[in-house]
Amino acid sequence: MEKKNYRIAVLGGDGTGPEVVREGIKVIEAAARKSKFKIEWVNYDLGGERYKKTGEILPDSVLSELKKVDSIFLGAIGHPDVKPGILEKGLLLRLRFELDQYINLRPVKLYPNVDTPLKDKKPEDIDFLVVRENTEGLYCGAGGFLRKGTKNEVAVQESINTRYGAERCLRYAFEATKARNRDKKLTLCGKTNVLTFAFDLWERTFYEVAKDYPDIKTDYAHVDATCMWMVKNPEWFDVIVTDNMFGDIITDLGAMIQGGMGIAAGGNINPEGVSMFEPIGGSAPKYTGKNVINPLAAICAGAMMLDAIGEKEAARTIENSVEKSLTSGKIKSLAAGKMGLTTTEMGDLIAHNL
Ligand code: IPM
Ligand code: MN
């Protein structure tokens, strides 16, 4: 059997990031041994601590090295002593833009035995995928101030939407819907009743691209209604595609209905380039170093990463082990400190059940 070797960059980052990434690597290594491939992990020390010490956020030399790896495994970005926005923009968003990771993929899946705040909803009801555009919209940083700091101040923040950007995201979403083979339904989430330029472009492009996918049902929901249905009838969704800002918001709602930040994973994907996978929960400073944070989201992000680099079997093995471990009843809760297991023990359990 052919043995493949991969080089993966590890950006543990801030807070509990390094702890959860450590467990993710443990599980991936165990899966790699079973599926007979090898990974060379290349560690990069980036984040709040480095910024405080040296003023560096993402040195150009690191960026050019990251452009050459097979994938990036990210822990968390965000430091209590660093003003909000600096690390997020300088590191996380910069990587998404520089590596042109134009898809932010966020599965919303309720695993067995996991508590959802939605009464009477079961794993079969909560199982959809959000495809968020990841390089445009309000995230471009277009705009500025006029008369800043005066009482006549003006702030403008523009949403940039290109035909090219919308189309490549929509095509990815149609392909993802086809590959899931569930309801074969793709919902465009927008706001065509108010954002009559941006979502007009999205909507026209959506129905044009849809012509190439006659087997996929198309559906549309405004973003506010999407939030409503995600709570009331999450079973209506198979795949949702949306812009950057709406995607940011609805995926936090998605994370909550699937059992919280302890299990929510995401991928920043450039299908033709270097992608980056992360637990979406943040750096959780108050739990740092206590061995109590839940590494499942990072482990699931690891599975997504293996799927993206082509190790589908290993990815499935990890997902199955997560499912099996949750079913076993050994995990009391997904919340930090309440799992009935330490961070390390959780990693061991998933690795053991592979
Ligand atoms: C996310 C995060 C980021 C975003 C922040 C940290 C910049 O909330 O990945 O969803 O807004 O995209
Ligand atoms: Mn977010």
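Ligands are counted one by one from 1 in listed order, and the atoms in each one are counted from 1 as well. Numbering of residues begins at 1 and proceeds along the displayed sequence. Predicted, not measured: the structure shown is a model, and the values here were computed from it.
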Note to self: For Lys185, I'd like to know if atom NZ has over 12 heavy atoms of other residues, nucleotides or ligands within 6.0 Å.
What the structure shows: yes
Do any nitrogen or oxygen atoms of ligand 1 lie under 3.5 Å from a protein nitrogen or oxygen, and which ones?
unit_1   : atom_1 : unit_2 : atom_2 : d
ligand 1 : 8 (O)  : Asp248 : OD1    : 3.3
ligand 1 : 9 (O)  : Arg96  : NH2    : 2.7
ligand 1 : 9 (O)  : Arg106 : NH2    : 2.8
ligand 1 : 10 (O) : Arg106 : NH1    : 3.2
ligand 1 : 10 (O) : Arg106 : NH2    : 3.0
ligand 1 : 10 (O) : Arg132 : NH1    : 3.3
ligand 1 : 10 (O) : Asp248 : OD1    : 2.9
ligand 1 : 11 (O) : Tyr139 : OH     : 2.6
ligand 1 : 11 (O) : Asp248 : OD1    : 3.4
ligand 1 : 12 (O) : Arg96  : NH1    : 2.7
ligand 1 : 12 (O) : Arg132 : NH1    : 3.4
ligand 1 : 12 (O) : Arg132 : NH2    : 2.8

Next item on the list: State whether Phe277 and Arg106 meet the cation-pi test: NZ (Lys) or CZ (Arg) under 6.0 Å from the six-membered ring centroid, and within 45° of the perpendicular axis.
Entry: no
Next item on the list: Tell me which N, O or S atom of Asp248 sits nearest to the Mn ion (ligand 2).
Entry: OD1
Note to self: Ignoring hydrogens and geometry beyond distance, is a side-chain donor-acceptor pair present between Thr177 and Glu175 at under 3.5 Å?
What the structure shows: no
Checklist line | Pairs flagged by ring pair (Phe, Tyr, Trp, His ring centres under 6.0 Å) wherever residues 78-115 is involved - sequence neighbours left out | finding: none
Margin query: Pairing donors with acceptors under 3.5 angstrom, does anything connect the side chains of Tyr207 and Thr218?
Written below: no
Checklist line | Side-chain donor-acceptor pair present, Tyr172, Arg168, cut-off under 3.5 Å | finding: no
